[in-house]
Amino acid sequence: MTEPDATRLERLSGMLKRRGILLPAFEIYGGAKGLYDFGPVGGRLRNKVNQAWLNHWLSLGNIVEISCPTVTPYSVLEASGHVGEFSDFMTVCGACEEASRADTLLEPHHSNPDSLTKSELQNLLNQSQPPCPVCQAVEWSEVTAQNLMFNTTIGAGTSGRPGFLRPETAQGMFTSFPALYRHNRERLPFGAIQVGKGYRNEISPRQGMIRLREFNMAELEYFINPHEEAKHDFSPWGEHKITLLADGEGEIQMSFKEAVEQNVIRHATVGYFMAQTFDFLTKIGIDSQRLRFRQHESDEMAHYASDCWDAEIHGSFGWVECVGIAHRGCYDLESHEKATGKSLRARREFSEPKIIETDGWTIDGAKAGPAFRALAGAVKLAVENLPAETSFPHTLSLPEGEEVTVEAEHVKRDQRTETITGEWYIPHVVEPAFGIDRIIWHILDHGYDETGKDGEEYTVMRLSEHVAPVDYCVFPLFEKDGMGEIAKSIHATLCSKQNIVSMYDSSGSIGRRYARADEIGVPKCITVDHQSLEDQTVTIRERDSGEQHRVHIDSL
RNA sequence: GCGGAUAUGGUGUAGUGGUAACAUAGGAGGUUUCCAACCUCUUGUCGCGGGUUCGACUCCCGCUAUCCGCACCA
């Protein structure tokens, strides 16, 4: 970071705090690391970014919005892999109360304790009885999961079950898959989106909004049929070149279409969502020249992903990953299916039904069951593999080594024709996951313009109208001769309209009021002056150009 | 988590073992006031908790937070 950037960052942060956009949370109690408030201006900004995001994806037509709890049972995040990948297991010494990592304590007793589950660690701890590294006592508490996820207890006392605050919104969309599938008339592809809070008990939150312990995230889980080739129309992006940092290729300039065709982007849907992400970010005010996509190297990939691209935005903290677009394969649905035994599958019909002719033997359960007892299952498998021309009695060698003689009365002929028209498969998932706080930071960072005006220091927040927290400021040139009343009535009318925020300001000189409005990015200011009293017109002044034009009050 | 630095009105800074200053911002009023003008009046500050002391914003200890390295990290 260069020196001018560092002081600019200080001025920007100071302004954000002073004007109620972004503030450290709980500051009267000394603050808390990694937790921020969106103030009276920032709250509205966050909401507009969220809304713009929802609208952007809903416009694709096959996307639904859902909302799932942040409090999540232990077993859900165990199945998803987060307990293993996101947690360290802790145990506390009963003598000196020092907390230790269970896997570290057990290193002398196991080659790779990091890979063990909670109950395996507990068992090994009970068996091996390692001494406390601090006081040498052997008095360990029950092993508990700690660290990157905030853990909690759902319910009271001994009946409570363990849980976490979610580290991502995605899991709720996977566990809702059956309802989503039904809602979408059992047809893929479709997507589900939600915006909400996620929590990670980061070891070391830094750099303001970049690494938070509680953060706003917005995720789309898009369920696709891996047996169908994904087709997407890239013509809206044409030959527009994007900066890509591809695994092993370095920085290249390519259109989305080329990148997908040349397999730099390994899946067309990933490429399509990268293009959609590019549109969204530039629409809400991210500078397209300071945006690039970087492909994860294979050893960098999260535990669930098979291909992943980050959208990185350049700002005061350098290049920061703000969106991750991951091909998660069938990892999540498969994991939850295994853990619960519930089907999380979609049906696909074959283009040609598969006809399976069976001509062979199977057992007659009523005879073979009593005859072979525990071995009956193995006998059945073996008999069904016998050729049709086998004659009985027949001696079989079972896999476990036993020899049995199968009599004719134990078997019956099995001749049938089955028509299989389709199959149940686990859908694949492509997930664009947006860090809303990081994006908001960069909107502010890119919009913050202190180029000055007439040689004096002057700052303007050049926010897109899609996200500007205040739409209009209404000023009376003076608050007298009826100008104040006209301005207040305009203000009241604007406020009564849906999704319009107007601010009324009558204090200070008119120039000062324009400056205050510019600082928080108000796109348009409306001023009531003497002429308004005579002909019912007002001036509208544009933030970015400073130009004014006069319109009738009724046309506002 | 380790090491270093820092913590004074909303913001940016000064300063002292004897209850704190400047600028700016904010509020009220004035000024026919259209790009941070001017005049008058005015609100508001020593991060938290201990200790030393007659007395601590100041010295000491601990905590918390912030910033910079290192480590970790969708």
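Every chain is numbered from 1, with letters handed out A, B, ... down the list of sequences. Computed from heavy atoms alone, side chains included, the values below leave out hydrogens, waters and symmetry copies.
If you check distances only, the side chain of A/R512 never reaches the base of B/C35 with a donor-acceptor pair under 3.5 Å. A donor and an acceptor atom sit less than 3.5 Å apart, one in the side chain of A/Y514 and one in the base of B/C34. For A/R513 and B/C35, a side-chain-to-base donor-acceptor distance below 3.5 Å is absent, hydrogens and geometry of angles not being considered.
As rounded to whole Å, 14 Å separates atom C1' of B/A5 from atom CD of A/E10. Per the geometry, CD belonging to A/E27 stands 13 Å off P belonging to B/A65, to the nearest Å. Atoms CD1 (A/I210) and P (B/C73) sit 19 Å apart, rounded to a whole Å. For the pair A/L12 CG and B/C67 P, the interatomic distance rounds to 13 Å; values are reported in whole Å.
A gap of 32 Å separates the C1' atoms of B/C70 and B/U13, to the nearest Å. The same atom, P, is picked in B/A25 and in B/C2; the two are 43 Å apart, to the nearest Å. Comparing B/C59 with B/G3, their P atoms sit 22 Å apart, to the nearest whole Å. Spacing of C1' atoms, B/A21 relative to B/G9, comes out at 11 Å, to the nearest Å. As rounded to the nearest Å, B/U52 and B/A56 have C1' atoms that lie 9 Å from one another. Between B/C63 and B/G69, the two P atoms lie 24 Å apart (nearest whole Å). Between B/U45 and B/U64, the distance separating the two P atoms is 27 Å to the nearest Å.
Counting only heavy atoms from C-beta outward, the side chains of A/N216 and A/F38 approach each other to under 4.5 Å. Side-chain contact between A/R462 and A/H446 is absent, with no heavy-atom pair separated by less than 4.5 Å.
Taking the six-membered ring for Trp, A/W441 and A/F317 have ring centres closer than 6.0 Å. Between A/Y36 and A/F215, the gap from one ring centroid to the other reaches at least 6.0 Å. Proximity of the aromatic rings of A/F273 and A/Y222 is defined here by a centroid distance below 6.0 angstrom, and this criterion is met.
Remark on RNA chain B: of its neighbouring residues A/F215 and A/R18, the 5'-side contact belongs to A/R18, judged by nearest-heavy-atom nucleotide. If A/K17 and A/L35 are placed on RNA chain B by their nearest nucleotide, the residue sitting closer to the 5' end is A/K17.
Between B/C35, B/A28, B/C34, one nucleotide has an atom nearer to the side chain of A/S507 than all others, and that is B/A28. With B/C35, B/C34, B/U32 as the choices, the nucleotide that has an atom nearest any side-chain atom of A/R550 turns out to be B/C34.
Side-chain nitrogen and oxygen atoms of A/R516 include at least one within less than 4.0 Å of the OP1 or OP2 phosphate oxygen of B/G26. At B/A37, one or more side-chain N or O atoms of A/S509 fall inside 4.0 Å of OP1 or OP2 (strictly under the cut-off). At B/A65, none of the side-chain N or O atoms of A/K33 fall inside 4.0 Å of OP1 or OP2 (strictly under the cut-off).
Contacts of A/S506 with the nucleic acid, taken as non-hydrogen atoms under 4.0 Å apart, are absent. At the heavy-atom level, A/D481 lies nowhere under 4.0 Å from the strands shown. Nucleic acid contact class of A/G546 (heavy atoms, under 4.0 Å, all strands): base.
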task = Can you run through RNA chain B from 5' to 3' and write each base as (, ), [, ], | or . depending on how it pairs? Watson-Crick or G-U wobble, both distances under 3.5 Å.
result = (((((((..((((....[..)))).(((((.......)))))....(((((..]....))))))))))))....
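Between A/F223 and A/F174, the two ring planes are perpendicular [angle over 60°; tilted spans 30° to 60°].
Remark: of the listed residues A/D307, A/D247, A/D310, A/D310 is the sole one forming a side chain to side chain donor-acceptor pair (under 3.5 Å) with A/H296.
Geometrically, A/R213 does not engage A/Y199 in a cation-pi contact, judged by NZ or CZ lying under 6.0 Å from the ring centre and within 45° of the ring axis.
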